[in-house]
Enquirer: 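Below is a structure I'd like to ask you about.
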Amino acid sequence: MFGLLRVANWLDQWLKERVGWPYNTLLGLALGLGISTTVKTIAVDIGSPKQLATLGIALAFQTALLINQLAQLYQFREERRARRAARKSARAQSGHA
């Protein structure tokens with residue numbers, strides 16, 4: 001189990017480093033589509049309390065994942081801005097404006 005978690009973490013970090021923001025954006029869009037599908041399913045299955053509870057839990061979980069993904073995208077953008085500002089500052093200090 002921990003080996004799988006380690007591989008998943010490595011792959012996630014590798015994709016973030018190599019692909020960057022499109023990777024996070026794609027994950028966010030996929031989660032948004034999953035939430036949309038869950039909401040549509042809830043509308044169809046609203047007659048069954050057990051199915052409604054299960055779908056509600058799934059929707060809450062997907063929403064939490066989407067919030068996490070959006071936060072990661074924000075962090076990626078902030079880190080990118082900081083790197084750009086640092087490069088710009090270094091160029092200005094070295095006289096290569």
Side-chain angles (χ1 to χ4, degrees):
M1 175 72 171
F2 290 112
L4 178 62
L5 294 176
R6 188 176 12 263
V7 171
N9 181 57
W10 174 85
L11 181 58
D12 182 59
Q13 293 302 317
W14 185 86
L15 286 167
K16 286 178 186 174
E17 291 171 9
R18 302 293 189 277
V19 180
W21 68 265
Y23 168 66
N24 282 333
T25 301
L26 179 63
L27 290 175
L29 290 173
L31 286 168
L33 289 173
I35 290 170
S36 174
T37 301
T38 301
V39 168
K40 288 177 185 175
T41 304
I42 287 174
V44 171
D45 292 336
I46 201 153
S48 169
K50 182 180 178 183
Q51 287 179 336
L52 184 59
T54 301
L55 291 171
I57 291 168
L59 180 60
F61 181 69
Q62 290 174 337
T63 301
L65 288 173
L66 181 58
I67 290 168
N68 176 266
Q69 204 55 44
L70 292 172
Q72 287 186 21
L73 183 57
Y74 173 80
Q75 290 170 357
F76 178 82
R77 290 184 65 202
E78 290 301 309
E79 289 170 3
R80 188 173 176 186
R81 285 182 183 158
R83 285 192 308 268
R84 283 183 180 169
R87 283 194 308 264
K88 186 176 181 179
S89 176
R91 279 192 302 254
Q93 289 177 359
S94 67
H96 295 100

Enquirer: With rounding to the nearest 0.5 Å, note down the distance linking CZ in Phe61 to CG in Leu66.
Expert: 12.0 Å
Enquirer: Could you tell me which residues satisfy side-chain contact (heavy atoms from CB on, under 4.5 Å) with Leu59, sequence neighbours excluded, listed by chain and number?
Expert: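 Testing Leu59 for side-chain contact (heavy atoms from CB on, under 4.5 Å), a comparison that skips the adjacent residues, returns Ile35, Thr38, Val39, Ile42, Thr63.
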Enquirer: How is the hydrophobic cluster of Tyr74 composed, in terms of its other members, when Ile, Leu, Val, Met, Phe, Trp and Tyr link through side-chain heavy atoms under 4.5 Å apart, directly or indirectly?
Expert: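 Its cluster partners, ordered by chain and number, are none at all.
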Enquirer: What distance separates Asn24 CG from Arg77 CZ, expressed to the nearest 0.5 Å?
Expert: 11.5 Å
Enquirer: Determine all donor-acceptor pairs shorter than 3.5 Å in which one atom belongs to a side chain in residues 82-90; sequence neighbours excluded.
Expert:
none

Enquirer: Do Leu27 and Leu70 share a hydrophobic cluster, counting only Ile, Leu, Val, Met, Phe, Trp and Tyr and linking them when any side-chain heavy atoms are less than 4.5 Å apart?
Expert: no
Enquirer: List in chain and number order the residues that pass side-chain hydrogen bond (donor to acceptor under 3.5 Å, both in side chains) with Glu78, two or more places apart in sequence or in another chain; answer none if no residue qualifies.
Expert: Arg81
Enquirer: Hey, could you give me each pair passing salt bridge (charged side-chain N to carboxylate O under 4.0 Å, His left out) that has a residue in residues 18-30? Not counting sequence neighbours.
Expert: none
Enquirer: Output the rest of the hydrophobic cluster of Val7: all Ile, Leu, Val, Met, Phe, Trp and Tyr residues reachable through side-chain heavy-atom contacts under 4.5 Å, sorted by chain and number.
Expert: none
Enquirer: I'd like to check the side-chain contact (heavy atoms from CB on, under 4.5 Å) partners of Ser36; sequence neighbours left out, ordered by chain and number.
Expert: Lys40
Enquirer: Residues in side-chain hydrogen bond (donor to acceptor under 3.5 Å, both in side chains) with Lys16, at least two apart?
Expert: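 Per chain and number, Lys16 pairs via side-chain hydrogen bond (donor to acceptor under 3.5 Å, both in side chains) with Asp12, Gln72.
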Enquirer: Name all residues meeting the side-chain contact (heavy atoms from CB on, under 4.5 Å) criterion together with Leu15; count only those two or more places apart in sequence or in a different chain, and write none if there are none.
Expert: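 Here the qualifying residues are Leu11, Val19, Tyr23.
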